[in-house]
Amino acid sequence: MKFVRFIIFLLLIANQFASGDDQQIHSISNAIKPVRITTDGAYKHRPAWSPDGKSLFFARHEGGGNSIFIRILTPGSNDEPKRLTKRKEPEYNAVVSPDGKQVLYTPITLSGTQGNLDIALMPIDGSADPKTVAGDTGKLSHQDWPAWLPDGRRFVFNSTHEGNQELYLGTVDGSKPLERLTQSPGQDVHPAVSPDGKFILFATDRWGGFELARLDIENKAISRITKSPGLDDYPAIAPDGKSFAFVSNRSGNLEIWLGDFQNHMSQVTRDDAPDLFPTFHPDGNKITYVSGHTGNTDIFQIAIPPGWPTEPKSDKP
């Protein structure tokens, strides 16, 4: 299906080699090994934790890869992850509200071989049907990658409904019209919201290749966060708001990196296959991500060294 191939193409773009920039590069010890969370090997999208850290949401390709359904996993359980919805059409990119009761996600409505993407809202317990909270205006468009603000009433996402891929702010009850947050001739995508709700990190190609930028929600000021000739994408902000994880190929392969706002950068993973979609565990001490380094595609988790970005000092004299 064309839209599935298009999505996969975007996720695995250009594994080009790239040199570092003027940021301070630190090394996370190779002794820290990732823990495998899923073992079914099917392709997966964007893991996201519930606020209490007890449930993990992710989308999984099923039925030969043409069907994408959101699953809910209880880590440590031997039970098959359960479906979030009963829809027959593809869906992915689920994120849980701050109170843990609702979920925003991206359902795909097919038109021939093309996919129309909207943002939908539904209770996690399935007590009500999904409702569209951001959709197109009559033409095929992509509303995607929702992210909650901490007030639980607003969310940000990227959309092409005005022609270009920009960031927008919406309300789950529809009480206010969508607010456009960015203006760029290129692409602004994959927003992540800070824990205090004051700023957004997102990926943009406004400076050439994809880099990370920061947008202050109140005054719409944008500042550049990363500077690399390669690709920097899919940012996730730590629960304390002081650091962020992202995907970069600056070392050659698509890997998970960790950065802060003092220009410290550390490579977290070192794999032969792409590592994608980082997110922080609610405890702030671990990064969860998708990787194919075992030969199949599963969800993994890796611990962040204590005291990062400064390696802990030895107690020995």
Side-chain angles (χ1 to χ4, degrees), residues 5-28 45-46 93 117 142 144-145 147 156-160 162-168 180-194 199-216 220-238 243-279 287 289-293 309:
R5 291 196 297 268
F6 175 70
I7 291 171
I8 295 174
F9 170 77
L10 290 179
L11 300 179
L12 301 178
I13 45 179
N15 185 20
Q16 58 198 17
F17 284 81
S19 60
D21 52 26
D22 57 359
Q23 294 156 343
Q24 300 177 50
I25 304 298
H26 294 256
S27 175
I28 288 182
H45 291 260
R46 194 186 183 185
N93 285 344
L117 280 62
H142 289 180
D144 200 6
W145 207 267
V156 296
F157 63 104
N158 52 253
S159 175
T160 62
E162 290 185 297
N164 208 42
Q165 189 85 262
E166 305 285 356
L167 301 187
Y168 293 82
R180 186 168 174 170
L181 299 176
T182 61
Q183 303 277 344
S184 172
Q187 298 185 65
D188 294 334
V189 293
H190 306 142
V193 181
S194 65
F199 69 90
I200 297 168
L201 287 186
F202 65 99
T204 179
D205 64 354
R206 62 184 61 209
W207 298 295
F210 266 80
E211 306 286 352
L212 301 188
R214 170 174 170 155
L215 182 148
D216 292 328
K220 309 299 188 296
I222 293 176
S223 55
R224 188 171 182 173
I225 299 299
T226 64
K227 185 178 180 182
S228 169
L231 175 148
D232 293 341
D233 202 350
Y234 299 108
I237 303 176
S243 61
F244 55 91
F246 63 104
V247 172
S248 180
N249 66 351
R250 61 181 64 197
S251 63
N253 191 43
L254 289 169
E255 306 280 4
I256 306 302
W257 283 68
L258 186 63
D260 66 13
F261 298 99
Q262 287 73 48
N263 289 328
H264 300 113
M265 300 289 161
S266 293
Q267 184 175 339
V268 177
T269 63
R270 293 171 177 80
D271 293 320
D272 295 332
D275 295 333
L276 298 166
F277 309 124
T279 189
I287 297 174
Y289 63 99
V290 173
S291 178
H293 73 269

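Throughout, numbering of the chain's residues begins at 1 and tracks the sequence.
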Item to complete: Can you see which heavy atom on S248 is nearest to which on W257, and at what distance?
Response: CB-CD1, 3.7 Å

Quick one: list whatever passes side chain to side chain donor-acceptor pair (under 3.5 Å) with [X], sequence neighbours left out.
{"X": "Q165", "answer": "N158"}
{"X": "N93", "answer": "D144"}
{"X": "D260", "answer": "H264"}
{"X": "S194", "answer": "D196"}

Worksheet entry | Residues F210, V189; criterion side-chain contact (heavy atoms from CB on, under 4.5 Å); working and verdict | CA-CA 10 Å; F210 266 80; V189 293; 3.6 Å; yes

Fill in: Option among T182, L201, L167 that satisfies the side-chain contact (heavy atoms from CB on, under 4.5 Å) test with P191
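Exactly one option meets the side-chain contact (heavy atoms from CB on, under 4.5 Å) with P191, and it is L167.
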
Discussion item. Among T269, V290, L276, D271, which residue satisfies the side-chain contact (heavy atoms from CB on, under 4.5 Å) criterion with I256?
Written reply: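 Looking at T269, V290, L276, D271, the match for I256 under the side-chain contact (heavy atoms from CB on, under 4.5 Å) is T269.
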
Worksheet entry | D233 and H190 side chains, donor-acceptor separation under 3.5 Å |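 D233 and H190 do have a side-chain donor-acceptor pair below 3.5 Å.
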
Worksheet entry | Spacing of L212 atom CG and W207 atom CH2 [to the nearest 0.5 Å] | 9.0 Å

Which residues pass the salt bridge (charged side-chain N to carboxylate O under 4.0 Å, His left out) test with [X], sequence neighbours left out?
{"X": "E166", "value": "R180"}
{"X": "R206", "value": "D188"}
{"X": "D216", "value": "R214"}

Worksheet item: Do the ring centers of Y289 and Y234 come within less than 6.0 Å of each other?
Response: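 They do not qualify: ring centres at least 6.0 Å apart.
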
Worksheet item: How are the rings of F261 and F244 set to each other: parallel, tilted or perpendicular (split at 30° and 60°)?
Response: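 Answer is tilted, since the angle falls between 30° and 60°.
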
Item to complete: Please identify each residue that fulfils side chain to side chain contact (heavy atoms under 4.5 Å, CB included) with A236, with sequence neighbours left out.
Response: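 With neighbours one apart ignored, the set is F280.
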
Fill in: Flag side-chain contact, heavy atom, 4.5 Å: L181 against K220
yes

Practice prompt. State which residues pass ring pair (Phe, Tyr, Trp, His ring centres under 6.0 Å) with F202; sequence neighbours excluded, sorted by chain then number.
Written response: none

